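Every chain is numbered from 1 and lettered A, B, ... according to where its sequence line falls, protein lines coming before strand lines. Not measured: the values here are computed from a predicted model.
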Protein chains: 2
Amino acid sequence: MNNNLYEKKAQIFKALSNPVRLEIMDLLANGEKCVCEIVENLNYEQPHISKSLIKLKEAGLIKDRKDGLNVYYSLKICCMGEFFNCLNKIFEQGNN
Amino acid sequence: MNNNLYEKKAQIFKALSNPVRLEIMDLLANGEKCVCEIVENLNYEQPHISKSLIKLKEAGLIKDRKDGLNVYYSLKICCMGEFFNCLNKIFEQGNN
DNA sequence: ATTATATATTCCAACTATGGCATATATAAT
DNA sequence: ATTATATATGCCATAGTTGGAATATATAAT
């Protein structure tokens, strides 16, 4: 496998390597949300949420859609669910 | 879900958010390897490989076993394969 | 005991991420 | 045109990551 591909994958994991961004992914797993809804749900400043969303988008994990003043974000990747389920099982087993 | 769990998951993703460590995971996916074998395969200094292995171990992704002078590392997590396959498909589709 | 080998640790400079605050932009409403 | 609202951008101090070079530790062989 070429190095560039490891770089790309690392970028995806980097985007997911932050609790705020993981929480956003969890929110979006329940369906499309505008930035304002995400800000309401999470205890962070709006600019920080915006930056987090942009990072997830750049990694190709989410996509956005504009409607009037609002920007709606939603998941673009389908395999998060399985992987998270697996991680959850591991945590339940108390291996970490 | 409590915040602590997001922290823990973020730690796992952080461990995977580096091309060298991903390459190590790939090597270990083909079976247990000692540090020296990993050093032979990857173009990095031994101390750096050691540190990478320790980081993966602390995240609960790999385990180690000592035998004489050698330390053998192997995967401890079973769901990497599926997730990597999914990521590969996404890359093949050229979405990133 | 000395030496060789495999792995881990420490130190460090360059780089990158984090998250708040202030501000800019874009659209909508009056 | 002015004002209000939603989102994005820039700046910044602090903290964490990266990967090399030198060194330490642990086990094995002579």
Side-chain angles (χ1 to χ4, degrees), chain A residues 3-4 6-28 31-74 76, chain B residues 3-4 6-28 31-74 76:
Chain A
N3 288 352
N4 208 3
Y6 285 116
E7 268 302 344
K8 279 186 188 171
K9 279 190 193 173
Q11 274 310 115
I12 290 188
F13 286 115
K14 199 165 285 180
L16 293 168
S17 71
N18 172 283
V20 181
R21 295 195 293 269
L22 285 178
E23 215 164 342
I24 290 175
M25 289 297 281
D26 243 16
L27 283 177
L28 296 184
E32 189 184 61
K33 300 256 180 315
C34 70
V35 179
C36 56
E37 289 173 294
I38 298 170
V39 171
E40 273 167 28
N41 270 281
L42 306 185
N43 210 12
Y44 285 90
E45 299 293 321
Q46 174 271 320
H48 185 46
I49 300 289
S50 266
K51 281 182 274 188
S52 299
L53 286 163
I54 286 162
K55 199 155 196 174
L56 288 168
K57 188 186 158 193
E58 282 173 349
L61 294 166
I62 64 179
K63 59 184 190 243
D64 63 344
R65 173 179 78 79
K66 232 173 166 175
D67 182 10
L69 275 178
N70 299 294
V71 177
Y72 289 90
Y73 283 91
S74 56
K76 195 181 154 190
Chain B
N3 287 352
N4 208 2
Y6 285 115
E7 269 300 347
K8 278 186 188 171
K9 279 190 193 173
Q11 275 310 115
I12 289 188
F13 285 115
K14 199 165 287 181
L16 292 168
S17 72
N18 172 282
V20 181
R21 295 195 293 268
L22 285 179
E23 216 163 342
I24 290 175
M25 289 297 282
D26 244 16
L27 283 177
L28 296 184
E32 189 185 60
K33 299 255 181 317
C34 69
V35 179
C36 55
E37 289 174 294
I38 299 170
V39 170
E40 273 167 28
N41 269 281
L42 306 185
N43 209 13
Y44 285 90
E45 300 291 322
Q46 174 272 320
H48 185 46
I49 299 290
S50 265
K51 280 183 280 187
S52 300
L53 285 163
I54 286 160
K55 200 156 195 173
L56 288 169
K57 187 186 159 193
E58 281 172 351
L61 294 166
I62 64 178
K63 60 183 188 240
D64 64 343
R65 171 180 79 78
K66 233 176 165 172
D67 182 11
L69 275 178
N70 299 293
V71 177
Y72 289 90
Y73 282 92
S74 56
K76 195 181 153 188

Choose from D:dT18, C:dC21, D:dG19 the nucleotide whose nearest atom is closest to any side-chain atom of B:His48. D:dG19
Nearest of C:dT7, C:dG19, D:dA26 to any side-chain atom of B:Val71? C:dT7
Atom pair distance, as rounded to whole Å: CG in B:Leu16 and C1' in D:dT18: 17 Å
Please give, in whole Å, the distance from C:dA22 P to A:Lys51 NZ? 13 Å
How many whole angstroms separate atom OH of A:Tyr44 from atom P of C:dG20? 7 Å
Polar side-chain contact B:Gln46-C:dA8 base: donor and acceptor under 3.5 Å: yes
Check whether the side chain of B:Lys14 and the base of D:dG16 form a donor-acceptor pair under 3.5 Å. no
Over how many whole Å does the gap from B:Glu45 atom CD to C:dT10 atom P extend? 19 Å
Between D:dG19, D:dT7, C:dA8, which one does the side chain of B:Val35 approach most closely? C:dA8
Closest to the side chain of A:Lys55, out of D:dA21, C:dG20, C:dT18, is C:dT18
A:Ile38 CD1 - D:dA6 P separation (whole Å): 14 Å
For Watson-Crick and G-U wobble pairs within 3.5 Å on both distances, what is DNA chain D written in dot-bracket notation, | included for inter-strand pairing? ||||||||||||||||||||||||||||||
In whole angstroms, the gap separating P of D:dT9 from CG of A:Leu53 amounts to 12 Å
Nucleotide D:dA8, atom C1' - distance to CG of A:Asn70 in whole Å: 14 Å
